[in-house]
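Scroll down for the structure; my scribbles are underneath it.
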Amino acid sequence: MTEIEKTTPDTPAAPTPAARGLIALPLAAARALLLAGGIATAASAFLAWTWTDEFPGDLTITGYPGGLQWLTFIAGALTALFALSSYGIRGLGWLLPAGNNAPLALTALGGFATTWFTVIAICTELGGVVNLEPGGWIAAIASLLPVLGALALPEQLGEDTKENLKAYVAKPDRIPAPKALAPWVERAIITIVTAIGLAVFTYGIDTEYGELFIGYLILIAFSLWALHTAGLMDRFSRIVAHNRSFTLAMGFVAAIAFPFTQTDDHYANIGVNILIFGTVALGLNIVVGLAGLLDLGYVAFLGVGAYTAALVSGSEFSRFSGVQFPFWASALTGAAASLLFGVLIGAPTLRLRGDYLAIVTLGFGEIFRIAVNNMDGDSGPDITNGPNGIPSIPDLSFFGFNLGESHDIGGFTLGRFANYYLLMVLIMAIVVLVYTRAADSRIGRSWIAIREDETAATAMGINGFRVKLVAFALGAALAGLAGTVSAHVTYSVVPTPYQFAGSTPPNSAFLLAAVVLGGMGTVAGPLLGAALLYLLPEKLNFLQDKSLLAFGIALVLLMRFRPEGIIANRRRQLEFHETGQLDVPEQATLTDEPAVTKAGA
Amino acid sequence: MRFGGLTAVRSVDFTVNAGEIVGLIGPNGAGKTTFFNCLTGLYIPTEGTVSYKGTVLPPKPHLVTKAGIARTFQNIRLFANMTVLENVLVGRHTRTKEGLWSALLRGPGFKKAEKASEERAMELLEFIGLAHKRDHLARNLPYGEQRKLEIARALASDPGLLLLDEPTAGMNPQETRATEDLVFAIRDKGIAVLLIEHDMRFVFNLCDRVAVLVQGEKLVEGTSEVVQADERVIAAYLGEPFEGEPGEAEAAEVAAAEAGSTNAAAEERSTTSTKGESQ
Ligand SMILES: Nc1ncnc2c1ncn2[C@@H]1O[C@H](COP(=O)(O)OP(=O)(O)OP(=O)(O)O)[C@@H](O)[C@H]1O
Ligand SMILES: [Mg+2]
C-alpha cells in the first residue's frame, strides 16, 4: 500500500469520474517522471546555462553551479525528495503525512518557476535565446518533466477545470494526527528548523542582485506552500505550541547568531534596520492586532523617540548640545516622550471608532513631521533644526565598549552595525516580552474584547476609552524605545522618513503593511513582514519608483488569498476560514445554526 | 428616549426588587431593547435617570456594570474569536484590577488573581454546563450554548440585577425548558432578573411580575393573572386570550420564591419622558 493511493477520497457514491490525472499516464510513469525530473533538474544546475558572465552570478561554468543555479538545484532536490517519499521509502514518510499529491505538484512547480525565471531572465537581459547554452535548454526541459509528472498523478477530478487545478495545490482536509514525540526530539526538530531558518534568512539578506532575490522568493514561496499543503507546517506549529519558551529562546539565539555569520558589515546594517522596523511593527501590533485600533500615524512615535534621543545625545547640532545622557537614560526619556505624545494624541482621538480614528491618526502623524520640519527657529521655536535635522549623533558606548568601532570576539569581527544589531536584539527581546505578557492578561483580554465587539466589551464593564489609551500609549512607548536606537544607528535624524507613505520603510503605511502581511496578533508575523518589506525595496532597486505599485498589487493578492497574513493567529485563521477548525478538539459540534451576528444592540 | 422624531420609550417607571423575576413584554418595536439600552448606559436617555440600590447611575456602560447590573443581548454579542473561558474572564473585568504593570512584572499577586479569576470562571461554566467546552472558540458553539455563554459572561461580573434580552429566542422547547431552570437557579443565587421575552408560556411560568410595553409606553404592570386578564394587552398584543395557564406546581414555586425574597433592596428605576418638540 503506497501513500498516494491512500489519498483517493473514499466517497463511492459520488458521481465523479474515477481518480486519474489531468494528463493520461500510468501512475508508475507519473512517479518516475517526478523522480527522474527532479534529479535531472538538480543535475542540470551543474551545466553551463549561458556563455557570458554578463548575466550576474556567472552561470557559465560546467560542474559548478552559480547564483540562480543553486536555487534550481535545491528545487530539483526537494522535488526528488518528495517523489521518493511518495514511493514510500522508509524514513521519508514523514514528508507526506497526509499522502496527498499537492506537495509534489508544488515543489515541481517551484523548480519549474525558478528555472524558467532564470532562463527567461538570461534571454531578456542578454537579448535573445541565442545566449542560452545547451545546458540552459536542458535545465528548462528537465524542470518541465516533474510538472508533467505531477499533473499525471491521480486526482479526484470533476468537470470544472478550475476545481481540477485546485485539487493539485490545496491542503488535504484531514491530516492524520502525528505520533507523540519525545520532548528531546521535539526540541531537536525546533533547533534544526531554526538553523535552517537562519540559513535561509541569511541567504536572503546576502543576495547580491535582484534576479537572485526574485528567484529566492519564488523558491521560498513554492517550498513553504508545499510544506503547508503537506501538513508539515501544522505539525511544526503543534510542536512549537508544546515548547513555546524553548522556541522563543532558539529564535533569539538565531537572531544573535546572525551577525557572526556575516563578513560584510553592510548586511549587518540591513539586519539592524530590519530589527528596528520589526520592533516598531510589533509595537504597532499591540495597537492594531490586539486592540483593533487602526493607527495610520504610528511612525511619528518612532520619530519622537529618535528626536528625543538625538537631542540628549550630546550632538553638537542638538539644541541641548551640552547634554549627553547615558544610553539607558536616553532610552527611557525617548520612550517616555513617546508615551506622553501617545497620550496627548490618544486622549482626544480614541473616542472615535473605526475609519474616523484612522483618519485622525493619519492627520496627527503628518502634524508631527510638519511640526518637526518647522521648529527651526524661523517658522517656530528652534528645537529640531528643521529640515536639516540633527546630524553627527555620537556613537553609544557601554562601559568603554564603543559600539561605533569594530571588535573581535572569539575570532569573529563585529563591525559597527553588528554591534547595534546586538543592542537591537536586546530591545526586541524586551518588546517581545512586553507584547506576550500584556497579551496574556486581564488587560490583553480586554483589548481583544474591544476589538471583537466594543459595545459588548463596555457592557461587560470595560472602560473602553481607558483600555484603548493604555494600548495606544504602550505601543507609542515601544516605538519610541526603538527610535532611540535608530537615531544612533543612522548618525542623524531628519523629518522626512517619518511620513505616512514612502517607498522605503519605515513609514506608517509600511509598518501597517508589515503587521497585516505578516499576521496580525502574532509575534513572529510582524517581524517576518518587516523583514520582507525591508528587503524587497532594498534588493529590487530596479523597481525603483514602481516599488509602491508592486507592493500594492502584492498586498491585494495576499489579502485575497490569505487574509490572515503569512503567519496566522489561531483566532484569525478560524475567523477567515470557517471550515478549518484546526484547534477545536475532536468532539467539536458543528451546527446549522446561524453563526454569531453582530448587528443591533 | 428619542431617535430624531421617533419616541422609542416614554415615561416608563419601573422597579425591580431583589430576588424577583420580572418580565417585560410587548410587540415588536415596542421599545423593550431600547429600554434595556437606556438602563445599561448604551443609550443616554434624553430624559430620566436610572438608579440602583438608591444611587443614580451615570449613563456609562462600564460604570453600570460595575455597580452591579449585567446584561445579555438580543442578537448574541459574544467575543466570537475568543474561547469560551476567555469570554467569561472578560466578564470578570470589573471584579479584578490587575493593570498593565502587574501583567508585565508577573508578580505573585498577578498569578494569584489570574488563578482566582479562572476558578470563578470555571465555576460559572460548570453552572451553565459548558465547562467541557472551555477551549472552544465562542463562534463555534451551537446557538443555544452561545446564549448560555452570554448569561455566564454576564454573571461573571457578580451582578445584583441581570437583564436578559430574549434569552430563548431561536431555541427549541427543550432548550427553553432548560433556560427556565437556569433562570430560577440564578434567582436562587439572590440575583434579581429582568427579562424580555416573546414566549408567553416562558414569561408567565417564570415571572413574579410582568410589565407590558406598547409603543414605548407602559400599558400595565402586575402579576401574570392581572396582565393576562387586561383587555388592552390582549387587544394590543396577544390577540386572543392566553391558553396554557401555568401549572399549580409552578405557581406554588413562584409564590414560595416571592415569599423568600426580602433581603437586599435592589431597585432601579428609569423614567424617560418627552416634553420637547419633535423635529
Ligand atoms: N439606534 C436607533 N436609532 C433609531 N431608531 C432606533 C434605534 N434603536 C431602536 N430604534 C427604534 O426604536 C423602536 C423600538 O425598538 P426596540 O429595539 O427597542 O424594540 P423591541 O421592543 O426590542 O422590539 P423586538 O421585540 O423586535 O426586539 C423601533 O421603532 C426601532 O426602530
Ligand atoms: Mg428587542
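All chains are named by letter (A, B, ...) in the order of the sequence lines, taking the proteins before the strands, and each is independently numbered beginning at 1. Remember, predicted model here, so these are calculated numbers, not experimental data.
Considering only heavy-atom pairs separated by less than 4.5 Å from chain A, the leading option among B/T40, B/L89, B/T94, B/T72 is B/L89. In terms of heavy-atom pairs under 4.5 angstrom with chain A, the leader among B/K97, B/H62, B/K60 is B/H62. Of the listed residues (B/R92, B/K66, B/E98, B/R95), the one with the most heavy-atom contacts under 4.5 Å to chain A is B/E98. When the candidates A/T458, A/L474, A/T436, A/V467 are compared by the number of heavy-atom contacts under 4.5 Å with chain B, A/T458 comes out ahead. Note on A/S441, A/A457, A/A456, A/S446: by heavy-atom pairs under 4.5 Å with chain B, the leading option is A/A456.
Applying a 4.5 Å heavy-atom cutoff, none of the residues of residues 239-249 of chain A approach chain B. For a heavy-atom cut-off of 4.5 Å, chain B lies close to no residue in residues 332-343 of chain A.
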Does B/R153 form a salt bridge (charged side-chain N to carboxylate O under 4.0 Å, His left out) with B/E150? I'd like the steps, not just the answer.
CA-CA 5 Å; B/R153 186 180 67 175; B/E150 251 209 327; 3.4 Å; yes
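In summary, the aromatic rings of B/F36 and B/F73 are positioned with their centroids too far apart to meet the 6.0 Å limit.
Cation-pi geometry between A/R437 and A/Y435 is not met: the NZ or CZ atom fails to fall both under 6.0 Å from the ring centre and inside 45° of the normal. Note that B/K189 lies in the cation-pi zone of B/F127, set by a 6.0 Å cut-off to the ring centre and a 45° limit from the axis.
If you take NE2 on B/H93 and CZ on A/R442, they are separated by 4.0 Å, rounding to the nearest 0.5 Å.
Looking only at side-chain heavy atoms (C-beta outward), A/L517 and A/L558 come within less than 4.5 Å of each other.
Counting non-hydrogen atoms of other residues, nucleotides and ligands closer than 6.0 Å to CD of B/Q215 gives a total of 12 or fewer.
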